[in-house]
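Each remark here refers to the structure printed beneath this line.
The structure displayed is predicted, hence computed values, not measured ones. Letters A, B, ... mirror the listed sequences (proteins, then strands); counts begin at 1.
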Amino acid sequence: MKENLAQKYDHHAVEEGRYDEWVGKGYFTAGDLSKKPYTIVIPPPNVTGMLHIGHAWDNTLQDIISRYKRLKGFDMLYLPGTDHAGIATEAKVDARLRAEQGISRRDLTREQFLEKAYEWKEEYAGIIHQQWAKLGNSLDYTRERFTMDEGFVKAVRHVFVTLYNDGLIYRGKRIINWDPEARTALSNLEVYYQDDPGQMFYFNYRVKETGDDLVIATTRPETMFTDECIIVHPDDERYKHLIGMHAVNPANHEEIPIIADSYVDMEFGTGAMKCTPAHDPNDFEIGVRHGLPMRSCMHDNATMNENAGIYEGMDRFACREALVKAIKEEGNLIRIENIVHSVGHSERTHCVVEPYLSEQWFVRMKPLAEDVLAHQNDPEQRIVFYPERFSRTFEQWLENIEDWCISRQLWWGHRVPAWYHKETGELYVGEEDPKDPENWVQDEDVMDTWFSSALWPFATLGWPDDTADLARYYPNDTMVTGYDIIFFWVARMAFQARYFTHNLPFRHVLIHGLIRDAQGRKMSKSLGNGVDPMKVIDEYGADALRFFLTTNSTPGQDMRYIPEKVEAAWNFINKLWNASRFVLMNLEDDMTYDDIDLSNLSDADKWILFKLNRTIKHIEENNEKYEFALAGNELYSFVWDDFCSWYVELSKASLNSADETVRKAARSTLLLALTDIIKLLFPFMPFVTEEIYLKLPHQKASLNLESWPEVIKEAEDFDITDTERLISAISRIREMKAASGLKPSAPVHVRIRDLDGNGVTLTADQAMMVERMAKAQWIEDASGDLTVVSVNGGTIQIPSAELQNKEEEIAKLQKEAERLGKELSRSEGILNNPGFLAKAPEAKIAQEKKKQEDYRKQLDAVEERLRELEA
RNA sequence: GGAGGCUUAGCUCAGUUGGGAGAGCGCACCCUUCACAGGGGUGAUGUCGCAGGUUCGAGUCCUGUAGCCUCCACCA
């Protein structure tokens with residue numbers, strides 16, 4: 001006997017050490033020029049921490065595609081890398097400094113801080129590598145990248161400078177979202193809105209010239225110190241006469257002009273609004289339009305500045321409270337309404353974002369977005385989304401895009417390549433540092449992390465240099481990512497690729513959802529409901545986790561983490577393991593893969609090979625469409641039901657045959673089918689399939705070097721109708737026995753009739769199947785009372801004395817008669833419908849007629865038996 | 001205000017050009033030398049959210065509607 005697998009499937013033993021061996025042998029290293037290239041770049045995980053189960057899902061999808069493509073004969077490049085994740089990492093390092101040394105980043109110099117940040121990066125990149133290994137990701141480490149490595153520095157500078165020179169990057173004083181805790185600007189995307197309880201304050205701005213009361217509402221009284229004017233609608237009869245006059249600001253008694261602008265909605269509030277250009281984006285627009293002053297009344301940490309007078313130094317919210325109190329005391333508070341309104345928070349620090357006027361760098365988005373949108377109509381240059389609906393999300397966002405604020409007041413990131421002359425104040429923007437650095441000071445800001453990740457698909461391949469990898473592996477073929485970063489990332493890669501490579505970054509985008517906990521809640525640190533993929537792997541193995549993740553999800557849809565389902569995946573692997581042990585036990589010691597001989601196949605052999613062929617085709621079709629759940633589920637039932645439950649059992653008869661040609665055919669079928677099964681499963685569960693492969697007679701040094709199973713040509717013409725019928729007959733016999741309270745092993749005799757009542761003669765092969773699987777002995781003919789049950793294509797008859805249960809049989813037959821009656825009337829209904837006959841396809845009509853006839857015959861047999869029983 | 005998703009068996013979910021409702025888990029009964037008791041066999045359970053429409057035929061297409069959820073925009 002061949003060396004067999006261990007008696008028990010132990011995922012630790014199977015997965016241990018295998019990955020390093022694969023990497024060491026270079027199985028994941030791309031570069032075979034004789035093959036067609038296929039590229040996936042990993043969405044670079046942030047070096048902020050460890051991978052979570054969402055990464056495991058994302059990566060498994062990529063790895064399945066990669067391994068499938070390798071089997072299909074592609075030169076597969078699955079490129080790894082990590083993202084410096086500017087603000088997120090900076091916050092982590094800052095928190096660590098606080099915890100370990102009781103200091104903040106501001107207590108260090110920029111250089112000192114960056115040193116700490118690099119230490120952090122090294123530490124977590126190391127952890128991420130270990131995690132990738134555990135997951136089994138077939139990454140080409142010879143091409144690993146980091147979004148702040150040397151090549152990226154070059155790429156980012158080139159992009160910045162080019163866009164600047166082309167007028168697509170500009171510096172300007174604008175209202176941006178300011179995070180007063182991190183003290184940095186944020187992009188619109190880094191702000192989330194949440195309904196918070198708040199208050200609407202109504203104040204009286206008395207009109208200086210007339211003494212009229214002018215009631216103005218605001219939710220942010222603390223910004224009133226820099227109100228620059230009052231605005232009313234030019235057509236508003238209530239206020240028309242006040243235009244050009246002045247109102248007294250109740251916060252600081254400044255007299256501010258009352259001006260007209262049709263921006264004001266007369267229906268909203270009191271119809272008059274205050275305008276604070278430095279603290280509100282809409283007010284800013286108005287301010288620009290009317291040439292208003294733009295004073296700010298806050299510091300960058302959201303405490304009040306000198307423009308707030310006596311409130312200087314106070315926190316914005318404390319100031320709000322104190323100010324309202326003061327205004328009330330002066331009699332200018334009209335009323336306060338409690339409201340719930342949407343308030344912007346920082347994605348990172350969660351504090352309330354302050355619309356804040358400051359000098360920042362922006363990317364002019366419109367022309368870039370339009371270029372992408374234009375190419376979405378070009379079949380050759382269109383990015384195709386799976387599922388397709390996400391292309392709408394993508395395109396709609398691009399259609400309504402606003403300029404992108406890319407500067408961040410941080411240290412960890414790509415520094416803006418702009419310098420200011422110490423003497424003249426001249427601005428220099430360039431890829432090279434100034435020739436006379438002593439005369440220049442570099443812009444302090446760094447760039448939004450996404451500015452560099454946007455270059456990922458091509459900068460990882462060596463761009464802006466004209467490298468061989470870039471020529472070969474770009475554009476990427478498939479990008480796999482979550483719907484949550486379509487705007488952050490996918491859209492930005494799209495326009496940068498368009499602008500700088502005049503190409504699409506990738507042809508396909510496979511979108512997946514979020515993974516939630518068993519109750520359907522989002523996983524979060526505060527809930528403590530996150531699932532650590534490494535713990536899952538420890539408990540069930542990476543193969544089980546991978547199979548769970550990809551066969552319980554639908555593209556684009558969220559999924560829940562349900563431990564029982566991971567366990568079900570483990571059980572499936574265990575089943576495969578045991579079936580493999582069975583096969584190995586039955587192969588001869590010296591058997592090689594070339595000894596497979598498909599002559600003299602039994603009915604059962606033919607049946608499984610025919611089904612195997614169909615399975616190979618289906619899996620391939622679904623893999624091509626990224627429908628891994630459909631592929632995985634089909635494999636599950638093919639392996640468990642068809643291969644294990646039926647074929648392995650049936651093969652036992654052949655393996656015990658006295659005829660060596662029969663035994664050989666069974667061995668050949670077992671080896672061929674199992675080998676193909678593990679190839680089909682390999683992308684899903686690379687560890688256990690490799691283990692099995694190496695124990696089986698095999699042709700390559702590793703399953704990684706194998707090729708996708710070929711459809712077996714001979715098997716395409718096999719007619720398995722009789723075998724299918726026999727299998728359903730076996731089920732009916734088992735059913736009859738179970739219904740009669742007989743043990744499965746209790747022997748019975750069985751006679752089979754066709755639909756016309758003629759005896760069916762079984763071949764020796766078929767009789768053996770019945771004997772083996774149903775513990776029923778086939779007899780040509782039987783006398784006496786026979787219990788009857790209908791089966792597709794005929795009836796099964798068992799001597800009643802052997803079943804000894806008349807009531808059961810009557811009940812069963814009545815139920816059967818009822819079912820057949822229903823089917824028959826359904827069928828007749830359709831066939832009596834002239835519309836159906838006139839419009840349905842010929843084949844469908846013929847099929848329905850055949851069914852009707854069969855139902856009729858079956859029902860006749862059942863009714864005849866019922867009459868006998870009742871007599 | 002705009003866009004999208006979900007609603008199918010007790011639970012979690014599939015269901016890809018419209019043609020006799022599925023899986024896993026759970027549940028009931030039976031079964032152990034012979035690959036696997038983390039197993040085998042048999043079985044029960046669904047007016048496919050609701051209402052219309054198109055069609056010979058709708059879980060599947062169209063319209064409307066309810067509930068839950070997500071994203072985008074706006075909010076003096």
Side-chain angles (χ1 to χ4, degrees), chain A residues 4-5 7-9 188-189 192-193 200 202 216-220 230-231 263-265 268-276 280 282-283 339 341-343 387 389-390 392-393 396-397 400 402 483-484 486-487 513-514 518 520 522 548 551-554 556-560 562 564-565 567-586 621-622 625 627 629-630 633 636-637 644-645 648-649 652 656 731 734-739 741-746 773-774 822-823 826-827 829-831 833-841 843-845 847-848 851:
Chain A
N4 209 324
L5 296 162
Q7 190 134 14
K8 278 202 177 296
Y9 166 56
N188 298 348
L189 284 177
Y192 66 95
Y193 289 85
M200 182 75 87
Y202 291 82
I216 306 279
T218 180
T219 53
R220 292 158 63 216
I230 299 294
I231 305 176
Y263 168 80
V264 176
D265 178 358
F268 193 91
T270 61
M273 60 174 270
K274 74 190 191 68
C275 178
T276 321
D280 182 278
N282 291 315
D283 293 9
I339 55 164
H341 61 157
S342 169
V343 178
R389 67 171 183 274
F390 289 102
R392 229 168 310 158
T393 312
Q396 281 176 9
W397 188 73
N400 301 302
E402 290 188 17
Y483 60 68
D484 53 328
I486 290 176
F487 304 144
L514 300 178
K522 225 169 166 170
F548 157 74
T551 60
N552 286 283
S553 55
T554 311
Q557 220 65 29
D558 291 351
M559 77 178 295
R560 299 188 188 195
I562 297 176
E564 289 80 7
K565 292 200 177 189
E567 202 174 323
W570 192 98
N571 288 344
F572 174 56
I573 297 168
N574 185 237
K575 188 76 181 174
L576 175 71
W577 182 266
N578 281 298
S580 303
R581 288 187 60 230
F582 171 82
V583 172
L584 280 160
M585 283 170 69
N586 287 287
E621 284 164 14
N622 280 320
K625 291 186 287 185
E627 289 282 2
L630 297 181
N633 285 320
Y636 184 98
S637 66
C644 294
S645 297
V648 164
E649 291 308 318
K652 288 174 184 172
N656 288 329
S731 290
R734 287 169 171 173
E735 190 185 316
M736 287 162 86
K737 286 161 76 171
L742 291 182
K743 287 187 177 187
S745 57
M773 303 299 287
K822 267 193 214 158
E823 293 288 9
R826 184 193 65 83
S827 189
I830 294 175
L831 288 168
N833 181 336
F836 178 75
L837 294 174
K839 296 186 180 172
K844 192 74 205 165
I845 296 172
Q847 188 190 353
E848 202 55 47
K851 278 186 193 170

With sugar-phosphate meaning primed atoms plus P, OP1 and OP2, does [X] contact a base, only sugar-phosphate, or nothing at under 4.0 Å between heavy atoms?
| X | answer |
| --- | --- |
| A/Pro841 | base |
| A/Phe390 | nothing |
| A/Thr551 | nothing |
| A/Arg826 | base |
| A/Tyr263 | sugar-phosphate |
| A/Asn622 | base |
| A/Asp265 | base |
| A/Asn833 | sugar-phosphate |
| A/Met559 | nothing |
| A/Lys737 | nothing |
| A/Thr554 | sugar-phosphate |
| A/Ile486 | nothing |
| A/Thr218 | sugar-phosphate |

Whole-Å gap separating [atom2] ([N]) and [atom1] ([X]):
| X | N | atom1 | atom2 | value |
| --- | --- | --- | --- | --- |
| A/Gln557 | B/G15 | CD | P | 9 Å |
| A/Phe268 | B/G1 | CZ | P | 14 Å |
| A/Leu630 | B/G24 | CG | P | 15 Å |
| A/Tyr483 | B/C72 | OH | P | 11 Å |
| A/Asp484 | B/U70 | CG | P | 14 Å |
| A/Phe572 | B/C25 | CZ | C1' | 16 Å |
| A/Asn400 | B/A73 | CG | P | 9 Å |
| A/Lys743 | B/C30 | NZ | P | 11 Å |

*For A/Phe548, which of A/Glu564, A/Met559, A/Glu567 qualifies under side chain to side chain contact (heavy atoms under 4.5 Å, CB included)?*
A/Met559
Whole-Å [atom1] distance, [N] and [M]:
| N | M | atom1 | result |
| --- | --- | --- | --- |
| B/U63 | B/G10 | C1' | 34 Å |
| B/G40 | B/U47 | C1' | 36 Å |
| B/A9 | B/G49 | C1' | 16 Å |
| B/U16 | B/C6 | P | 12 Å |
| B/C50 | B/A66 | C1' | 7 Å |
| B/G64 | B/C25 | P | 41 Å |
| B/G22 | B/G38 | P | 30 Å |
| B/U55 | B/U12 | C1' | 34 Å |

Could you tell me if the side chain of [Y] sits less than 4.5 Å from the side chain of [X], heavy atoms only?
| X | Y | result |
| --- | --- | --- |
| A/Glu621 | A/Glu627 | no |
| A/Phe582 | A/Lys652 | yes |
| A/Thr270 | A/Tyr202 | yes |

Determine whether a donor-acceptor pair (N or O, by modelled atom type, separation under 3.5 Å) exists between the side chain of [X] and the backbone of [Y].
| X | Y | answer |
| --- | --- | --- |
| A/Arg560 | A/Ala518 | yes |
| A/Lys737 | A/Pro744 | yes |
| A/Asn574 | A/Trp570 | no |
| A/Arg581 | A/Lys8 | no |

*asked:* Under the criterion side-chain hydrogen bond (donor to acceptor under 3.5 Å, both in side chains), I'd like the reasoning laid out for A/Asn571 against A/Tyr9: C-alpha separation, chi angles, the key distance, then a yes or no.
replied: CA-CA 10 Å; A/Asn571 288 344; A/Tyr9 166 56; over 6 Å; no
*Reading RNA chain B 5' to 3', what string of ( ), [ ], | and . shows its pairs, if Watson-Crick and G-U wobble pairs count only when both distances fall under 3.5 Å?*
(((((((..((((.....[..)))).(((((.......))))).....(((((..]....))))))))))))....
*asked:* Return whichever of A/Lys844 or A/Asn552 has its heavy-atom-nearest nucleotide of RNA chain B closer to the 5' end.
replied: A/Asn552
*Polar contact flag, side-chain donor to acceptor under 3.5 angstrom, A/Tyr263-A/Asp283*: no
*Has A/Glu402 got more than 12 heavy atoms of other residues, nucleotides or ligands less than 6.0 Å from its CD?*
no
Rounded to the nearest 0.5 Å, what's the gap from [atom1] on [X] to [atom2] on [Y]? Could you check?
| X | Y | atom1 | atom2 | answer |
| --- | --- | --- | --- | --- |
| A/Ser637 | A/Phe572 | OG | CZ | 8.5 Å |
| A/Asn833 | A/Glu848 | CG | CD | 11.5 Å |
| A/Cys275 | A/Ile216 | SG | CD1 | 11.0 Å |

Shorter than 3.5 Å, N or O on both sides, protein versus nucleotides 9-12 of chain B: list them out with atom names.
from, atom 1, to, atom 2, distance (Å)
B/U12, O3', A/Arg560, NE, 3.3
B/U12, O2, A/Lys565, NZ, 2.8

*For nucleotides 35-48 of chain B, read 5' to 3', which letter fits each nucleotide if B means a protein heavy atom sits under 4.0 Å from the base, S means only the sugar-phosphate is that close, and - means neither?*
BB-BSSSSSS----
